[in-house]
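Only one structure is covered here, and it is reproduced in the block below.
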Amino acid sequence: MGRLIIASNRLPVKIEKNENEMIVTPSAGGLATGLKSYHKGNDSVWIGWPGIIPESEEEEKTVTTLVKEEQCLPVFLTEELISMYYDGFSNATLWPLFHYFTEYIEYRRRYWEAYLKVNEMFADAIIANAKENDRVWVHDYQLLLVPNILRKKRPDLKIGFFLHIPFPSYEIIRVLPWREEIIEGLLGADLIGFHTYDYARHFMSSVKRLLGYDVDFNQIKLENRQVFIDVFPMGIDYKKFEKLATEIQSKSIQERSRVHQDIDRFLMGMPDRQLILSIDRLDYTKGIPERLKAFRHFLKEHPEYIEKVSLIMLTVPSRTDVEQYQNLKNEVDVLVGNINGEFGRLNWAPVIYFYRSMPFENLIELYSSADVALLTPLRDGMNLVAKEYIASKVKQRGVLVLSEMAGAAKELGEAISVNPNNIVQTADAIYKALTMNDEDRTKAMRTMQRRIKRYDIYKWASEFMKALEHTIDRQMDYHARKVSTRIKSSITKDFTNSKSRIIFLDYDGTLQRFFDNPQAAGPDEELYDLLNSLSKIENTKLVLVSGRDRETFDRWFGSKNYTLIAEHGAWLKNTGEGWKERKPVNSEWKENIMPVLESYVDRTPGSLIEEKTYSLVWHYRKADIELGALRALELVHDMSNLIFNQDLEIMEGKKVIEVKVSGINKGTAAAEFLMDNPADFIMALGDDWTDEFLFKELPESSHTIKVGTENSVAKYFLNNYKEVREFLDELRKAK
């Protein structure tokens with residue numbers, strides 16, 4: 001296995017400059033902590049911005065030398081790039097978009113151009129240091145384009161990506177002018193990770209709707225490869241929080257910090273006094289004003305808690321030069337002042353407000369002392385504060401009130417869940433938390449602790465890397481069946497050395513791309529030339545075997561020198577002859593089926609019905625992707641009941657549902673044809689599951705090729721109709 005190259009906007013170390021020297025200090029945070037073991041133990045390299053703008057080449061060399069000692073490589077950004085790429089596109093465009101605050105989005109072309117430039121700089125830095133077999137793990141919304149840039153320049157690299165914030169629904173992402181570029185950027189990765197299944201589901205829906213790629217469970221099928229999607233809820237360094245919390249709890253009052261002593265004095269000032277803790281970065285996504293309004297409503301509804309409970313609100317400054325954040329700060333200041341003015345007493349403040357960051361030890365003291373953690377973001381990728389609070393409650397004496405909009409809510413089901421926009425519900429949750437009996441709060445806390453201790457930050461990193469390795473193994477299996485140069489040579493050799501040859505070819509999706517209107521998919525001159533050339537090769541029979549109706553097939557190919565099998569084997573037309581019906585049956589069954597299909601057309605805009613001799617086909621390629629898939633499931637269910645005990649069957653193709661007479665398929669038609677036309681070289685190409693009948697019926701020595709990457713009994717596969725044409729062209733030239 002090669003090295004691991006980690007790429008994130010910031011390095012896991014900070015460079016601090018004083019008058020005489022530059023000092024390197026470790027960065028706090030889950031990402032740096034979680035990847036420490038991989039970073040230090042696998043000769044890995046971490047690429048990112050060092051957080052400083054060197055004033056000279058000498059300073060740049062000094063910074064580079066310092067971070068290299070930490071196995072890091074810097075990407076230096078100018079002040080303008082930081083303004084446009086980071087403050088601009090990353091935080092003024094993507095951040096509000098991904099958190100559903102569309103009213104704050106700034107659509108500025110120069111932001112986008114800077115974002116693209118910086119992503120290219122990061123990709124170039126990775127490429128300059130990437131060796132063969134290296135793994136690359138790219139992180140977060142600042143670098144969404146990096147995977148695809150890497151894929152184009154270094155297709156040999158194995159790339160993972162993890163998004164640390166929510167991925168929005170299709171209805172939100174579609175408003176972005178550069179939506180396709182963003183999604184294509186992510187699809188350069190082999191594995192894309194999200195905190196929750198909701199975020200993964202939104203991404204896959206956007207891929208289907210905006211780019212039209214097929215999604216099969218957690219697998220996105222591109223033209224020439226597959227991308228896997230999975231869920232990895234990020235954890236914390238549980239033991240670190242648990243250990244320090246235990247040490248703090250064991251200290252005598254005299255040994256405790258000033259902050260801790262102040263907390264102790266507050267709690268001892270009155271019997272049954274309790275603390276509610278709120279910790280956030282100042283950001284409009286965190287729901288701080290709504291939380292304060294809920295606390296105010298709680299005090300109004302429960303005046304018996306006046307002087308008995310206080311909300312400690314620690315708010316870390318953020319983007320202080322941005323107007324939205326300045327307005328938010330003013331709103332919070334006013335709300336805190338109003339609540340304290342309305343309910344406060346000489347010796348008691350309902351809200352104890354800190355607008356600053358705190359040392360790590362003081363945070364643990366707050367976590368340990370708080371009876372309730374009130375964490376109610378309007379939208380949050382994960383919210384690790386909730387997990388930190390749980391890890392710090394070594395005596396299990398605490399209750400978590402958590403927004404259902406936080407990613408952590410999916411894991412922490414024992415917390416009291418609230419809709420942060422519902423002020424009354426949040427106030428009721430505060431009351432419920434304060435009045436919960438000891439047995440219930442201990443049981444809930446212990447259950448959550450076991451869960452997040454098991455899946456900590458190290459487990460998170462380990463699971464992602466295991467999944468990336470598994471993905472790479474699956475990609476290798478995928479490429480092993482691909483029609484490679486070696487396989488092409490082998491098939492071509494068999495073709496040229498054989499005395500008689502038969503080539504079975506499906507049409508739609510195999511020789512021609514799909515069209516929204518099936519009748520628009522007629523053959524072009526290039527295809528006619530290719531097929532005509534193949535059919536003229538001595539002792540070679542070309543057989544087009546398709547689900548197409550015979551009238552259309554006859555119009556397109558009736559005068560050509562090859563055999564036609566239409567409607568999945570119902571009709572056969574040999575060269576120079578008329579159409580022959582293989583299994584004459586009546587069509588009275590259509591009278592019962594047609595009204596049902598018509599009702600589905602009425603309820604599914606964009607769908608249509610095609611009638612064939614032995615079948616009725618419901619096409620939904622032009623319908624809304626998810627509605628079409630839903631209606632297809634409903635139709636299959638309805639039809640299964642309707643055709644019970646009838647000589648009919650349902651066939652599900654690509655964006656089609658076909659009800660047809662049973663016993664007629666491509667396989668039986670091909671087997672019948674081979675009885676009259678034996679050959680020592682047989683090859684078949686097809687793209688959907690109707691062709692599986694064909695592959696199964698052919699002799700074991702046949703060369704069977706699936707078009708597309710779905711599971712198949714075929715021996716090999718090609719990606720699309722273009723590769724099919726190229727392969728057939730090479731075959732005809734070889735002979």
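In this text, all values refer to a predicted model and were calculated from it rather than measured experimentally.
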For E103, is the CD atom crowded, meaning more than 12 foreign heavy atoms sit under 6.0 Å from it? yes
Measure the spacing between CD1 of I183 and OG of S206 and express it to the nearest 0.5 Å. 5.0 Å
Which class fits the ring pair Y305 and H302: parallel under 30°, tilted 30 to 60°, perpendicular over 60°? perpendicular
Between W460 and F162, is the ring centroid distance below 6.0 Å? yes
Any heavy-atom pair between the side chains of L94 and L144 that's under 4.5 Å? yes
So which atom in G185 and which in P147 form the shortest heavy-atom distance, rounded to 0.1 Å? O-CB, 3.2 Å
Flag side-chain contact, heavy atom, 4.5 Å: K293 against H297: no
Using the side chain to side chain contact (heavy atoms under 4.5 Å, CB included) rule, take L186 and F167 through it: C-alpha gap first, then chi angles, then the decisive distance, then the call. CA-CA 12 Å; L186 284 169; F167 193 90; 4.2 Å; yes
Flag yes if more than 12 heavy atoms outside K410 fall under 6.0 Å of its NZ atom; otherwise flag no. no
With a 4.5 Å heavy-atom cut-off, do I416 and V372 have their side chains touching? no
Could you check if a side-chain atom of D87 sits within less than 4.5 angstrom of a side-chain atom of V322, using non-hydrogen atoms only? no
For side-chain hydrogen bond (donor to acceptor under 3.5 Å, both in side chains), just list the numbers for N362 and E365, CA-CA rounded to whole Å, side-chain angles, deciding distance to a tenth of an Å, and then say yes or no. CA-CA 5 Å; N362 292 153; E365 290 166 344; 2.9 Å; yes
In this structure, CD of E242 is separated from CG of D237 (nearest 0.5 Å) by 10.5 Å
Evaluate the criterion side chain to side chain contact (heavy atoms under 4.5 Å, CB included) for residue pair S90 and W95; output intermediate values, then yes/no. CA-CA 6 Å; S90 295; W95 179 266; over 6 Å; no
In Å, rounded to the nearest 0.5 Å, how long is the span from NZ of K300 to CD1 of I339? 10.0 Å
Residue pair Y100 / R379: nearest heavy atoms and the distance that separates them: CD1-NE, 3.5 Å
Kindly indicate, with the supporting measurements, whether the criterion ring-ring contact (aromatic ring centres under 6.0 Å, His included) is fulfilled by F241 and F360. CA-CA 10 Å; F241 286 87; F360 181 67; 5.2 Å; yes
When you check the side-chain N and O atoms of D283 and T285, is any donor under 3.5 Å from an acceptor? yes
Side chain Q219, main chain V227, donor-acceptor under 3.5 Å: no
State whether a side-chain donor-acceptor pair under 3.5 Å links Y111 with E106. yes
Using the rule side chain to side chain donor-acceptor pair (under 3.5 Å), only one of T376, T315, D380, N383 pairs with K286; which is it? D380
Before giving the answer on salt bridge (Lys or Arg N to Asp or Glu O under 4.0 Å), spell out for R135 and E469 the whole-Å C-alpha distance, their side-chain angles and the decisive distance to 0.1 Å. CA-CA 9 Å; R135 273 63 170 154; E469 292 303 318; 3.0 Å; yes
What are the two closest heavy atoms between I364 and S392, and how far apart are they? CD1-OG, 3.8 Å
Distance-only, no hydrogens or angles: does the R441 side chain make a donor-acceptor pair with backbone N or O of V399 under 3.5 Å? no
Would you check, one step at a time, whether the test side chain to side chain contact (heavy atoms under 4.5 Å, CB included) holds for Q425 with V418? CA-CA 7 Å; Q425 184 193 48; V418 296; 3.9 Å; yes
Would you say L163 and D140 make side-chain contact, with heavy atoms under 4.5 Å? yes
Measure across P350 and L299 and return the closest heavy-atom pair with its distance rounded to 0.1 Å. CB-CD1, 3.9 Å
Shortest non-hydrogen contact from F122 toward I47: CE2-O, 4.1 Å
Sole residue of D280, I279, L374, I288 in side chain to side chain contact (heavy atoms under 4.5 Å, CB included) with M313: I288
Answer yes if the ring centres of Y115 and F89 are under 6.0 angstrom apart, and no otherwise. yes
Flag the pair E404 / N419 as yes when at least one side-chain heavy-atom distance between them is below 4.5 Å, and no otherwise. yes
Quick check: does any side chain N or O of D456 sit under 3.5 Å from a backbone N or O of Y458, one acting as donor and the other as acceptor? yes
Ring-ring centroid check F464 F161, cutoff 6.0 Å: no
Quick one, L244 with E247, criterion side chain to side chain contact (heavy atoms under 4.5 Å, CB included). Give me CA distance, side-chain angles, the key distance, then yes/no. CA-CA 5 Å; L244 187 53; E247 291 174 0; 3.6 Å; yes
Are any non-hydrogen side-chain atoms of W348 and R273 less than 4.5 angstrom apart? yes
Would the distance check show the side chain of T442 and the main-chain N or O of E439 forming a donor-acceptor pair, the cut-off being under 3.5 Å? no
Partner of F98 by side chain to side chain contact (heavy atoms under 4.5 Å, CB included), out of I173, I172, T93: I173
Just by modelled atom types, is the H164 backbone N or O under 3.5 Å from a matching donor or acceptor in the H195 side chain? yes
All heavy atoms of P233 vs all of Y455, minimum pair found to be O-CE2, 2.9 Å
Interatomic spacing from OH in Y107 to CH2 in W112 - rounded to 0.5 Å: 14.0 Å
Do side-chain atoms of S205 reach the backbone of R201 as a donor and acceptor pair under 3.5 angstrom? no
If only atom types and distance count, is the side chain of K393 paired as donor or acceptor with the main-chain N or O of A370 below 3.5 Å? yes
Distance, nearest 0.5 Å, that separates CG of L143 from OG of S8: 7.5 Å
So, do Y238 and R454 sit near enough that their side-chain heavy atoms are less than 4.5 Å apart? no
For P317, is there any backbone N or O sitting under 3.5 Å from a side-chain donor or acceptor partner on K329? no
Any donor and acceptor pair, going by atom type alone, linking the side chain of R209 with main-chain N or O of V207 inside 3.5 Å? no
Between Y284 and N327, do the side chains contain an N or O donor and an N or O acceptor separated by less than 3.5 Å? no
Donor-acceptor contact below 3.5 Å, side chain N340 vs main chain V351: yes
If you round to the nearest 0.5 Å, how far is CD1 of I390 from CZ of R446? 14.0 Å
